[in-house]
Structure formats: structure tokens, C-alpha cells
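Written out below as C-alpha cells is the structure these notes cover.
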Amino acid sequence: MTRYLVTGGAGFIGSNLIRHLLETRPTAEIVNVDALTYAGNLESLTDVADDPRYTFLRADICDAEAVAAVMDGTDVVLHLAAESHVDRSIVSDAPFVRTNVLGTQTLLAAALAAGVDRFVHVSTDEVYGELPWRDPDDGDPSAPMFTEETPIAPRSPYSASKAASDHLALAYHHTHGMDVVVTRCSNNYGPYQFPEKLIPLMITHALEDRVLPVYGDGLYVRDWIHVLDHCRGILAAADRGGAGRVYNFGGDAEKTNLAVVTTLLAILGKPTDRIEHVKDRPGHDRRYAIDFSRAAEELGWTPQVGFEDGMQDTVRWYLENPTWWERVKSGAYWEWMKEQYG
Ligand code: NAD
Ligand code: TYD
């Protein structure tokens, strides 16, 4: 058996990763450590909650005693717990520094003390900063992309806190010889994503016939990857990544935000007249694009889910699971939004 300690397993990517691990690895034992912040939701894991190979522990990754206790006996750490939303980091950044930086350091120290075999630190392409704008449909193969050698240049409090945690993780490798792998992935979408992020927000707002708030001109470019492709990438890095190496993952699907929203509306059969251009996000990164050739060459990983198919599946999931997102939307997040924005 291999014992995986998954942090942030009650979140969007973590819950998909735990389900994927249980489905594909009969020898996996999983301990999910999650503080259950506003973004953590055990209703995303009800189908696996009774699996004898799965255990949940409610704990804060900044709690050194709790983390040390659970680290004992762990083979592989898959570290996903984080404050993850850029807009929130603009309004209040202290929780980002606390969880993303101090929490990561607490885990690394405990993993070092326990002598775990491998520590996979799950990070983001946002640590590279932004790229100059380009039209994703121009077909220009020479347009710049982030590689693992691109200098780190984060521009939001979220990405700055993630960059700090990446540096710490790699410092544990260089200083202490710990077996650490860092992954940097582009924007994920798929089932169980909290509806503060672009895609689930737009799907659920459209279903509720609300205004669809597109920031600024809507021409900001992101690369979109299906969450299952990201999960496969994290496990490929855990299995075959080199110690001290960084791996980029992307979906090979650069889109403007307006293109994403109009695609979703077309799938839903809804008109585009509810789209409203609203005040822009401060410091909004113009474009992200990712070169994942290292992951392809060294891990044998490439994305399997095409953007159109992934969008169809995702929309279907939100249509089939209204209880999940209606409960999330009626809860703490919307109280917070009301406090911030009235
Ligand atoms: P999420 O916000 O959906 O989930 C985060 C989880 O972490 C929640 O379950 C929350 O309860 C838990 N958590 C937060 N603070 C904690 C603490 N102090 N102690 C224990 N648990 C805590 O995030 P996500 O979208 O699933 O992202 C997971 C990871 O992947 C993050 O590290 C994020 O930076 C990274 N990532 C996300 C994306 C994306 O598009 N969502 C892309 C690249 C990388
Ligand atoms: P988001 O899902 O917050 O991810 P990130 O900021 O980490 O890339 O946002 C994706 C893009 O969508 C980003 O350019 C901001 C934009 N956006 C909107 O235009 N409207 C919205 O309501 C949200 C949440 C995001």
C-alpha cells in the first residue's frame, strides 16, 4: 500500500484527485487533511466517504502538532491546500500568506522530520506573472509561453504567496536534500469547482438568469485545463518526476474570457445579452499560456480532454447537480460577497 497525504482534499482539485486516486490505484490509502474553510466542502466527497482506504482529518496545515501527527507513516504528500482566489487576495491577503506560505513551511518541516519519500507541491502558472496580449485565434506558433525556466514574477497577492511557497519547497530540496517536486498548472475547470471562479460562476449565474459580470474588456487570456488532466499530471509528477524539478501542465486551450463565456452560453442555449462588462480587477494579468513540453518528455503526460468536450461535460455536471452548487451559493461565500460588494 502507498499512503498519500492529500492536503486541501475537500476543495475543487483535491476532491477530484482523491476520487481519481481511489478509482485508479487499488493500493492507495488516502488521508485528507483539510481545515474546511469557505472553499472546503465534504459534500464533494460523499461518494467516497465510507471507503475503507480513505480517512478525513479536519486540521489546519499551520497547526504544527496536528500536521506532525498525521505525517507519521506517510509515503507521499500531495499538497494542494491553499487560499486560491485572486479576487479575495486583493481584498484581504493575510489568509493567503498564512496558509500558502506558513502552511507550506509547516508541512515541509513535518515531512522532513517524518522522512516522507516524496513531497509534491501543487502550484500555479500565475507565479510567472503575465505575458503580453495576443489573439488566441491568430495561430502564431512563436507567441511566448511560460516554461519552467521563465523567471518567477508574481503580480497578485495570491500568486506572490504561491511563489513564496514554491521557493520554500525547492529550498527544502536544495538545503535538506528532501525529495520535492513542484507542479505549475494553468486554469482548471470541471465538477465541484467553487462558483467564485469564472467558469462555475458563469454557468450557475446563467442558470439563475443573473447578470454575467465580465471584468474590463473581457479579452484577458487564460489557458484552460480539465481538472482530471491536472490530477493525472500531479500523479505523473509524484510517480516519475525528478527530485527538485518543476513541471508545467496546461490544457492547450488558450481562450479569451469572452470566448469562454459565449461557449458556455451556447452550450446552455442561453442568450449573450446578460453579459455585462464590469469594473476591471486591479493588476489583472493580461495573458497566461503554458509550455508543457517538459511534462510531455519527462513524464509522458499530455492533456487528454479537449476544451469543447470538457466544457460540455462540465455544464452537464452543474445541470445534474443543482443541490451541490445551490447550497454552496446560499452559504458563507455569498455572505462574504455581500459584505465586500453590497
Ligand atoms: P480550492 O480553494 O477549491 O480548495 C482549497 C482547499 O484547501 C479547501 O478545501 C480549503 O478548505 C483548504 N484549505 C485552505 N486553507 C487551509 C488550511 N489553512 N489548512 C487546511 N486546509 C486548508 O482550491 P483548488 O482550486 O482546488 O486549488 C488547489 C491547489 O491547486 C491550490 O494550491 C491552488 O493554488 C492550485 N492551483 C489551482 C488552480 C485552479 O485553476 N483552481 C490552477 C493551478 C493551481
Ligand atoms: P478566475 O477564475 O478568478 O481565475 P484566475 O484569476 O486565477 O485566472 O478568473 C479567470 C479570468 O476570468 C480572469 O481573467 C478574471 C476573469 N473573471 C471575470 O471576468 N469575471 C468574473 O466574475 C470572474 C470570477 C473572473
Side-chain angles (χ1 to χ4, degrees), residues 10-16 19 36-47 84-88 91 186-231 251 253 255-281 284 305-342:
F12 162 49
I13 302 169
S15 58
N16 279 284
R19 188 171 294 102
L36 299 182
T37 67
Y38 80 94
N41 188 348
L42 290 180
E43 290 185 5
S44 306
L45 289 164
T46 39
D47 52 332
S84 68
H85 191 41
V86 173
D87 290 332
R88 282 174 174 260
V91 178
S186 60
N187 286 57
N188 286 219
Y189 65 90
Y192 300 103
Q193 187 169 27
F194 195 89
E196 65 185 351
K197 305 279 171 30
L198 179 73
I199 287 177
L201 182 139
M202 291 297 172
I203 296 172
T204 59
H205 271 33
L207 290 172
E208 294 172 324
D209 289 322
R210 294 191 197 212
V211 164
L212 308 174
V214 168
Y215 299 162
D217 61 10
L219 298 179
Y220 293 85
V221 175
R222 299 289 183 264
D223 172 73
W224 292 96
I225 181 172
H226 192 274
V227 64
L228 259 187
D229 276 329
H230 185 194
C231 293
K255 308 280 169 200
T256 65
N257 295 336
L258 270 177
V260 170
V261 176
T262 50
T263 300
L264 293 172
L265 292 174
I267 295 170
L268 285 164
K270 295 268 186 184
T272 53
D273 57 3
R274 301 291 282 170
I275 292 177
E276 205 170 292
H277 289 267
V278 299
K279 196 162 132 307
D280 212 343
R281 171 188 282 176
H284 200 166
V305 183
F307 180 75
E308 293 290 334
D309 287 349
M311 284 291 145
Q312 294 271 1
D313 284 356
T314 302
V315 168
R316 192 176 316 121
W317 188 85
Y318 282 89
L319 283 169
E320 287 172 359
N321 292 278
T323 316
W324 184 89
W325 59 263
E326 280 167 5
R327 282 166 67 89
V328 170
K329 271 192 139 175
S330 64
Y333 169 64
W334 300 98
E335 290 305 314
W336 180 86
M337 282 293 276
K338 263 189 258 158
E339 270 170 39
Q340 301 303 322
Y341 301 113

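Between Phe307 and Val260 there is a side-chain heavy-atom pair separated by less than 4.5 Å. Contact check for Val227 versus Tyr192: no side-chain heavy atoms found under the 4.5 Å cut-off. Here the side chains of Met202 and Pro213 are in contact, with some heavy-atom distance below 4.5 Å. In this structure the side chain of Ile199 reaches within 4.5 angstrom of the side chain of Met311, judged on heavy atoms. Residues Thr314 and Leu264 form no side-chain contact, since every pair of their non-hydrogen atoms from C-beta on lies 4.5 Å or further apart. Using a 4.5 Å heavy-atom cutoff, the side chains of Leu265 and Leu212 are in contact. Side-chain contact between Asp87 and Glu196 is absent, with no heavy-atom pair separated by less than 4.5 Å. A heavy-atom distance below 4.5 Å is not found between the side chains of Arg316 and Ile267.
With rounding to the nearest 0.5 angstrom, the CG atom of Asn188 is 9.5 Å from the CG atom of Asp229. Considering OG1 of Thr263 and CD of Glu308, their distance stands at 5.5 Å, rounded to 0.5 Å. We find the CD1-CG distance between Ile13 and Leu228 to be 11.5 Å, quoted to the nearest 0.5 Å. A distance of 11.0 Å separates CD of Gln193 from OG of Ser44, quoted to the nearest 0.5 Å. Taking CZ of Arg210 as the reference point, atom CD of Glu276 lies at 13.5 Å (rounded to 0.5 Å). The distance from the CD atom of Glu326 to the CG atom of Asn321 is 10.5 Å, given to the nearest 0.5 Å.
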- Steps toward side chain to side chain donor-acceptor pair (under 3.5 Å) verdict (Tyr220, Asp280): CA-CA 11 Å; Tyr220 293 85; Asp280 212 343; 2.3 Å; yes
- Message: Assess the residue pair His277 and Leu258 against the criterion (side chain to side chain contact (heavy atoms under 4.5 Å, CB included)); give the C-alpha distance rounded to whole Å, side-chain angles, the decisive distance to 0.1 Å, and a yes or no.
- Response: CA-CA 10 Å; His277 289 267; Leu258 270 177; 4.0 Å; yes
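Figure legend: cation-pi geometry between Arg222 and Tyr189 absent, as NZ or CZ is not positioned both under 6.0 Å from the six-membered ring centre and within 45° of its axis.
Nearest heavy atoms, Leu45 versus Arg19: CA-NH2, 4.1 Å. Residue Tyr318 comes nearest to Pro200 through the heavy atom pair OH-CB, 3.4 Å, listed as atom of the first residue, atom of the second, then distance. Contact between Asp223 and Ser186 at its shortest, heavy atoms only, is OD2-OG, 2.5 Å. Listed here is the closest heavy atom pair of Asn16 and Phe12: ND2-O, 2.9 Å. Closest non-hydrogen pair, Thr256 versus Gly218, comes out as CB-O, 3.8 Å. Residues Lys197 and Ser84 approach most closely at NZ-OG, 3.0 Å, considering heavy atoms.
Note on ring orientation: taking the six-membered ring where Trp is involved, the planes of Trp317 and Trp324 are perpendicular (angle over 60°, cut-offs 30° and 60°).
Comment: Arg274 does not engage Asp209 in a salt bridge, judged by the lack of any side-chain N to carboxylate O separation of less than 4.0 angstrom.
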